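Below you'll find the structure, written out as structure tokens, and then a few comments.
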2 protein chains.
Amino acid sequence: MERPGGRTARVRAAVLRAAGDVLAEQGFAHLELSDLARRADVGKTTVYRRWGTVTAVVTDLLAEMAAESVPRTETGTLSGDLRANARLVLTTLTDPRQGPLFKAVIAAATCDDATAAALRGFYATRVAEWAPCVTQAVTRGEVPRGTDAEEVIRAVSAPLYYRLLTGTGDLDETTADRAAAAAVTAAVAGVFTSAGATAST
Amino acid sequence: MERPGGRTARVRAAVLRAAGDVLAEQGFAHLELSDLARRADVGKTTVYRRWGTVTAVVTDLLAEMAAESVPRTETGTLSGDLRANARLVLTTLTDPRQGPLFKAVIAAATCDDATAAALRGFYATRVAEWAPCVTQAVTRGEVPRGTDAEEVIRAVSAPLYYRLLTGTGDLDETTADRAAAAAVTAAVAGVFTSAGATAST
DNA sequence: ACCTTAAAGGAACCGTAGTTCCATTAGGGA
DNA sequence: TCCCTAATGGAACTACGGTTCCTTTAAGGT
């Protein structure tokens, strides 16, 4: 029963939107089933029966977030591509709604295994989406063979997430560009090949 | 009244230890005033009156964590120093108690401003402790003048924290060494100078 | 050793989120 | 169009964490 557009789908959308709102506005600690139902204009029995716990709602939200993919730009150079990626991540994390939302979702994942799995899935998807720009760079000869493409992508995001979560350091374009530049430099030097970790002495 | 060793101090220590235990074992979501009191063998009225909220307890815990400093090793080279740092962070984050504890504390900081401030303070302290090894490298001529020392230190930690929190990628010695190597390479290339972000094209 | 006072603790209270029960309703299929 | 079923929603119940009140205890100063 109940196809997309049906009542069930409408309820799910409303609840997930409400969940996103609460997470963005007040953080994970203030997420409650009853509050959620109130905001979504849905009986709290419904949200209870469908999800059961707040972390389950977050898990579902993450599944939806993973589904909607962001197309990536191709600039022709590794440096350009990674900078585009860094800028995209920066834009997301500094967005007044998305930034807090990501914080909250990560916080939720520290409290529940299923949510953590969903979060892993989300980032695995995102990283995999961008990895091709590194393999292309390998093909072009910009970086050594054997470079771990996903590792490079993670290296770009890492400094930005570190700032988001620890609150240490700025979260601006300089930082984003720096993260990209550092990843490129290291990748070119072969740090992200299997033997690269111990190389530069 | 009440000096170190007195009843007040004893209660505080017991509660903070209990808080650390709960956070490490069950995460931030399961932290409750009553449970805390039970574990610490303290009246729940006491913990309520002294702290009032769970985030306040976490904030206090962070203050204590910031106080106990870890001495850093000096190896004579930037690469050696940063690798030592990366290994230290790795050891902490993979420790069966400390790893989950750090996750939980970061999660708590996303829910409360005071806790976030305490977390910032904690990392500001830790980063400042290690920054000298970069400035020494500048003096030795290993890396360019104008290199942002704290930025370099953060660059080492970032990939490890990224893995801890997103669950993406391994958290092992290879990763740690890679983080250090990448930071060194980028620093040497001048990425962490004020103009460096846009340099490597 | 006492006395003062601030801190701790026990017990009862209160509010609310989570849970259950059952009546109602909306959708899809015949 | 009607019917059948599954999902929704309202209302009442329960459990439990947070809060308050008042008594008890112990640490420091004299």
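Only a predicted model underlies this, so the values are computations on that prediction, with no experimental measurement involved. In the text below, chain A, chain B and the rest are named by the order of the sequence lines, each starting its count at 1.
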Side-chain ion pair, [X] and [Y], N-O less than 4.0 Å:
X      : Y      : value
B:D60  : B:R50  : no
A:E25  : A:R39  : yes
B:D35  : B:K44  : no
B:R163 : A:E151 : yes

Notebook entry, point to check: Could one point to a donor on the side chain of A:K44 or the base of D:dG9 with an acceptor on the other under 3.5 Å away?
Noted result: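 Flag unset: no donor-acceptor pair detected.
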
Note to self: Taking the nucleotide of DNA chain D with the nearest heavy atom to each, does B:R10 or B:E32 sit closer to the 5' end?
What the structure shows: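 Upstream on the strand: B:E32.
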
Next item on the list: Tell me which of B:L31 and B:R49 sits closer to the 5' end of DNA chain D, going by the nucleotide each one is nearest to.
Entry: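 Mapping each residue to its closest nucleotide by heavy atoms, the 5'-most match is B:L31.
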
Next item on the list: Could you check which of D:dT8, C:dG18, C:dA7 has an atom nearest any side-chain atom of B:T8?
Entry: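 So the nucleotide nearest the side chain must be C:dA7.
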
Item checked: A:T45, nearest nucleotide to its side chain (from C:dG18, C:dG10, D:dG10) ->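 Output: D:dG10.
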
Nearest whole angstrom, please: distance from the [atom2] of [N] to the [atom1] of [X].
X     : N      : atom1 : atom2 : result
B:R7  : C:dA8  : CZ    : C1'   : 5 Å
B:W51 : D:dG17 : CH2   : P     : 18 Å
B:Y48 : C:dG10 : OH    : C1'   : 17 Å

Notebook entry, point to check: Judged by modelled atom types alone, do A:Y161 and A:Y123 share a side-chain donor-acceptor pair under 3.5 Å?
Noted result: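 Looking only at side-chain atoms, A:Y123 and A:Y161 do form a donor-acceptor pair, the distance falling under 3.5 Å.
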
Notebook entry, point to check: Does A:R50 make a side-chain N or O approach to OP1 or OP2 of D:dT8 shorter than 4.0 Å?
Noted result: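 So the side-chain polar atoms of A:R50 do come within 4.0 Å of the phosphate oxygens OP1 or OP2 of D:dT8, strictly under.
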
Item checked: Positions of residues 34-43 of chain B (non-hydrogen atom under 4.0 Å from DNA chain C), listed by number ->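 B:V42, B:G43 - these, ordered by number, are the residues of the stretch whose heavy atoms sit under 4.0 Å from the strand.
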
Next item on the list: Could you tell me whether a side-chain N or O of B:S157 sits under 3.5 Å from a main-chain N or O of B:R154, the two making a donor and an acceptor?
Entry: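 Side chain of B:S157 to backbone of B:R154: no pair is present.
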
